[in-house]
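Read through the structure below, which is laid out as structure tokens, and then see the notes.
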Amino acid sequence: MIDFDEVLDNRNCHFQKWEEVADRYGVPGDTGIPMWIADMDFRAPPAVNAALQKMVDHGVHGYYGPDDSFREALVGWMARRHDWAVQPEWALQTHGLGNALSVIINSCSAPDEAVIVFSPVYHSFMRIIKANDRRVHAAPLRVEDGRFHMDIAALEASLTGDEKILFLCSPHNPGGRIWSAEELREVADVCRRRDIIPVSDEVHHDLIMPGHSHSILAKVAPEISDRLITLVATSKTFNIAGIETGTMLIENEHLRRRIAKVRGAMNISNNRFGMLMAEAAYRDGDDWLDALIPYLDRNRQLLNAAIAAIPGLSVMNLEATYLGWVDFSGTGMGREDVISRLTAVGLAPSEGRTFGDEGELCMRFNIACRHALLEEAMGRLADAFSDLQ
Ligand SMILES: Cc1ncc(COP(=O)(O)O)c(C=O)c1O
């Protein structure tokens, strides 16, 4: 029995979400509600905790050995949940997907060359590109009918030839937009024509809201299998981001070798805890995930209703994941004013402008918490802007 309503005290357990909230957002750790970093407040699937318990009971924690059983579990998950025939040899592990982005940048581009992102997007894309001395080529997303849209023609017109890689966040963080097969094919097409390596970061692709379905880029555009890198992980899906373990799936053997070389040069090896926990999740996490999705969907509805009741605020309807993109521009207030109102009621969402210039007057709300806590947060939000009602 999975009880997502269980009250857990996650403070003082070395969680960034709870323990950095005061320093980063000026919101007290004991009474504040952290709604920023993308992990959930819930316990991991029982099978994952059992795998960890087994390790603890054995008590010896040496280097991790053969990964065939992990690969088998990964292949099984992709076949079962995504009808995607992944081959075991396609997989290369990294220390989380942020690490994978860095390895790819170093394998497929040179300093001062550019990486394309669709902005606003997961802020670490930009941070990692810049930290590797590459340039960010931001292609602005358009908001139409409350959804993000790509403008591939404008992107193509802006290309200079220096762009070697494209980071696609699919489904999209923030806002939870699921890209259609047609949109994905357009991205694939521009990458093929302009000799760009597409990286489809699908870390959120298991968290699909009821009534929606996600298209895997590799499946809808098999013609780019020679250049495509897909990123997957158990970290978001099963709330085990602390394992810092992710997978690059690369069908093309030459490309895989090129990337494996950089991975080797960086001395990246498999983390024992991450591999065994991820394997357990892929093998036995289905029931937990199937129970989680309707729970998150209820939170999506709570968020939508709460935002609709506050004049001047709007939210993108989440088609996937739990990272709501709330637009405050209709209030007529500036960023500082919005932030100080949120801080005053102890709310700490992620600041929109860290996702790109387009997010200046937006905030990203992580709603992966107990219903009761989200209701409390939404009540505080209404109070913070009660003068508008
Ligand atoms: C799109 C995307 N990619 C990667 C990550 C981070 O992955 P990891 O923790 O494995 O580095 C996140 C975390 O929020 C994310 O949203």
Side-chain angles (χ1 to χ4, degrees), residues 14-17 20 24 34-41 44 48 74 91-105 115-129 131-132 136 141 148 165-179 184 187 198-208 214 216-217 229-249 263 266 268 270-271 273-275 277-278 281-282 296 316 318-325 349-352 354-356 359 363-368:
H14 290 274
F15 289 124
Q16 261 190 290
K17 187 179 193 175
E20 291 183 12
R24 283 175 184 260
M35 305 185 82
W36 60 294
I37 199 166
D39 55 27
M40 308 192 247
D41 290 350
V48 172
L74 165 79
L92 290 176
Q93 306 307 318
T94 52
H95 292 165
L97 294 186
N99 182 212
L101 298 172
S102 228
V103 170
I104 294 164
I105 288 172
V115 180
I116 301 164
V117 300
F118 292 100
S119 178
V121 74
Y122 171 53
H123 43 76
S124 287
F125 278 7
M126 283 73 81
R127 180 180 55 77
I128 294 167
I129 294 167
N132 280 291
V136 175
L141 290 170
F148 283 128
I165 303 171
L166 179 147
F167 286 169
L168 176 74
C169 190
S170 177
H172 197 71
N173 165 17
R177 168 77 150 84
I178 295 180
W179 305 115
L184 293 172
V187 174
V199 178
S200 185
D201 181 339
E202 303 199 18
V203 71
H204 297 284
H205 76 180
D206 292 308
L207 298 168
I208 303 302
H214 166 78
I216 295 212
L217 178 56
I229 302 170
T230 307
L231 305 184
V232 297
T234 52
S235 51
K236 300 289 167 200
T237 309
F238 301 102
N239 197 30
I240 49 176
I243 65 172
E244 301 280 3
T245 296
T247 303
M248 302 185 274
L249 293 171
R263 177 184 180 272
M266 290 180 175
I268 297 167
N270 295 345
N271 174 291
F273 301 94
M275 294 301 280
M277 290 168 69
Y282 277 143
L296 290 181
M316 283 187 182
L318 289 168
E319 299 166 356
T321 204
Y322 49 79
L323 303 165
W325 189 240
S350 296
E351 256 208 63
T354 61
F355 297 80
M363 298 282 159
R364 190 192 73 175
F365 283 74
N366 174 349
I367 58 165

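Counting starts at 1 for both ligands and their atoms, following the listed order. Keep in mind that this is a model prediction, so the values were computed, not measured.
At a heavy-atom cutoff of 4.0 Å, ligand 1 is surrounded by Ala38, Gly96, Leu97, Gly98, Tyr122, Cys169, Asn173, Asp201, Val203, His204, Lys236.
Relative orientation of the Trp325 and Phe148 rings is tilted, given thresholds of 30° and 60° on the angle between their planes. The aromatic rings of His204 and Tyr322 sit perpendicular to each other, their planes meeting at more than 60°, with 30° as the lower class boundary.
Within the 4.5 Å cutoff, the side chain of Met126 has heavy atoms near those of the Val121 side chain.
With rounding to the nearest 0.5 Å, the separation of CG in Leu92 from CG in Leu249 is 8.5 Å.
Across all their heavy atoms, Pro174 and Pro120 have their closest contact at CD-O, 3.8 Å.
Every side chain to side chain contact (heavy atoms under 4.5 Å, CB included) that Leu318 has, sequence neighbours left out, goes to Arg300, Ile367.
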